[in-house]
2 protein chains.
Amino acid sequence: MGYKYNKEDILNVGYEVFRKNGYHNVGINEILKESGIPKGSFYNFFESKEDFAQQVINQYGLSNQSLMEKFFEESSLTPIESLKSFYAMVMDMNEQDNYAGGCLVNNMSMEVGRNIDNLGAAANQHFIGWLNVLAPIIDKGQKLEEIITAYSPMELAEYLHAGFYGALSRTKVTRSRVYMDIWLDITFNLIKT
Amino acid sequence: MGYKYNKEDILNVGYEVFRKNGYHNVGINEILKESGIPKGSFYNFFESKEDFAQQVINQYGLSNQSLMEKFFEESSLTPIESLKSFYAMVMDMNEQDNYAGGCLVNNMSMEVGRNIDNLGAAANQHFIGWLNVLAPIIDKGQKLEEIITAYSPMELAEYLHAGFYGALSRTKVTRSRVYMDIWLDITFNLIKT
DNA sequence: ATTAATAATTAGACTGTTCTGTTTAATTTG
DNA sequence: CAAATTAAACAGAACAGTCTAATTATTAAT
């Protein structure tokens, strides 16, 4: 028999709350209230708010990477179509969320990436992990002559990554997916052979 | 003779501090300390922290729009080269800043754009203002057959805008302009005819 | 198997600091 | 002298984190 609470439940609450409300805008008490655990238990599991946030980032970063790997493994489409359908799926998820949260790792990276070194480094590490999932798919697409070869797979992966997050961030204030859809259309028209 | 302090000095301090450290991470006391004014004077000029931040956003948003307009007016390059050199200039400025702050309006839009409506709306308004500076230049480039015509000037403006901010945000955690430079190269190769 | 000892977890009151914003009085300007 | 501004003490709430005690789970001994 385990104890009453477990870390993962608290991390999941942290994920949702941080993603929607940011880091400095969220107090520990909000995490406690949402997860129903008392303060003593929280500080038994986590050293500090910063340590907690780092574990939240790591949990989401790794689970998102698994999701990406699984998506591309299971996809029966060609590389470029597979990539496009991946972004379309993420965009659908964001629409269902009413464009409220965006990506936790990107939000954290922007808000505290330069002020809290550990959190910035964690965010960057997961970005690199995700890019390393994209690059081999792009490589395949290039070898199949679906995707332009003027740039390396990693360069194009960064290009997709940056463009997508730029477009995603626009949805936060426009509350519309219009330009995110256009981003997808333009990007995949431009990188195809 | 005016009084001892004026709003613009305080707004400039707010610009620098908010840009580098965010909104919720910055207390009024930090603004007071940096600008050397007492609390009473601050609340004489501004209704609240939120009101202050909104005026900071508006001042920077408008001044950046003027800077853009002036840049393109004075540029002797062709439209597409003019656009590219504009982004190169902004990238240089960001490098000189050691990738520490990024764009105030974008940062605010990301951190509080969805939680503090007034600030989100202000950020979005300035984004639209900037896009409306870019679009006519893109239009000219299309008419000169320098730029692809498959997408409208506004669509391409959003594409540049989103991609640039995505690439810019990457510099915050990588502390390197490598992929920002690659973004510039890829983007302008892809949108040229 | 039961019990005793130990370790981990739960619980929430409490601390000291920082937060935004208020208030009242002094000072400066037109 | 009247209005605007300056000045800083003050208030109340929220903040991250600590502390002591209680309960619960695990391990060791019998």
Is there a side-chain polar atom (N or O) of Y5(B) under 4.0 Å from OP1 or OP2 of dA7(D)?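 Yes.
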Give a yes/no on whether any side-chain N or O of Y3(A) is located under 4.0 angstrom from OP1 or OP2 of dT24(D).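 No, no such contact exists.
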Which comes earlier along DNA chain D counting from the 5' end, the contact point of N6(B) or that of K49(A), where each point is its nearest nucleotide? N6(B)
F86(B) and F72(B) aromatic ring geometry - parallel, tilted or perpendicular at 30°/60° bounds: tilted
To the side chain of P38(B), which of dG12(C), dT6(D), dT22(C) is closest?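 It is dT6(D).
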For [X], which contact category applies under a 4.0 Å heavy-atom criterion: base, sugar-phosphate, or nothing?
| X | result |
| --- | --- |
| G40(A) | base |
| K39(B) | base |
| K4(A) | sugar-phosphate |

Can you tell me the distance, in whole Å, between the [atom1] atom of [X] and the [atom2] atom of [N]?
| X | N | atom1 | atom2 | result |
| --- | --- | --- | --- | --- |
| F46(A) | dT10(C) | CZ | P | 11 Å |
| F52(A) | dC15(D) | CZ | P | 15 Å |
| F42(B) | dC19(C) | CZ | C1' | 13 Å |
| N21(A) | dC15(D) | CG | P | 12 Å |
| K33(B) | dT18(C) | NZ | P | 11 Å |
| N29(A) | dA13(C) | CG | P | 12 Å |
| N44(A) | dG12(C) | CG | C1' | 15 Å |
| F45(B) | dG21(C) | CZ | C1' | 17 Å |

Axial cation check for F42(B) ring with K49(B), 6.0 Å and 45° limits: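 Checked: cation-pi criterion not met.
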Side-chain (N124(B)) to main-chain (T174(A)) donor-acceptor, under 3.5 angstrom: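 Here the side-chain-to-backbone pair does not exist.
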Say whether, by atom type as modelled, one donor and one acceptor occur between the side chain of E111(B) and the main chain of H24(B) under 3.5 angstrom.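 Side chain of E111(B) to backbone of H24(B), a donor-acceptor pair under 3.5 Å: yes, one is there.
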Check: Y5(B) ring centre within less than 6.0 Å of F45(B) ring centre: no
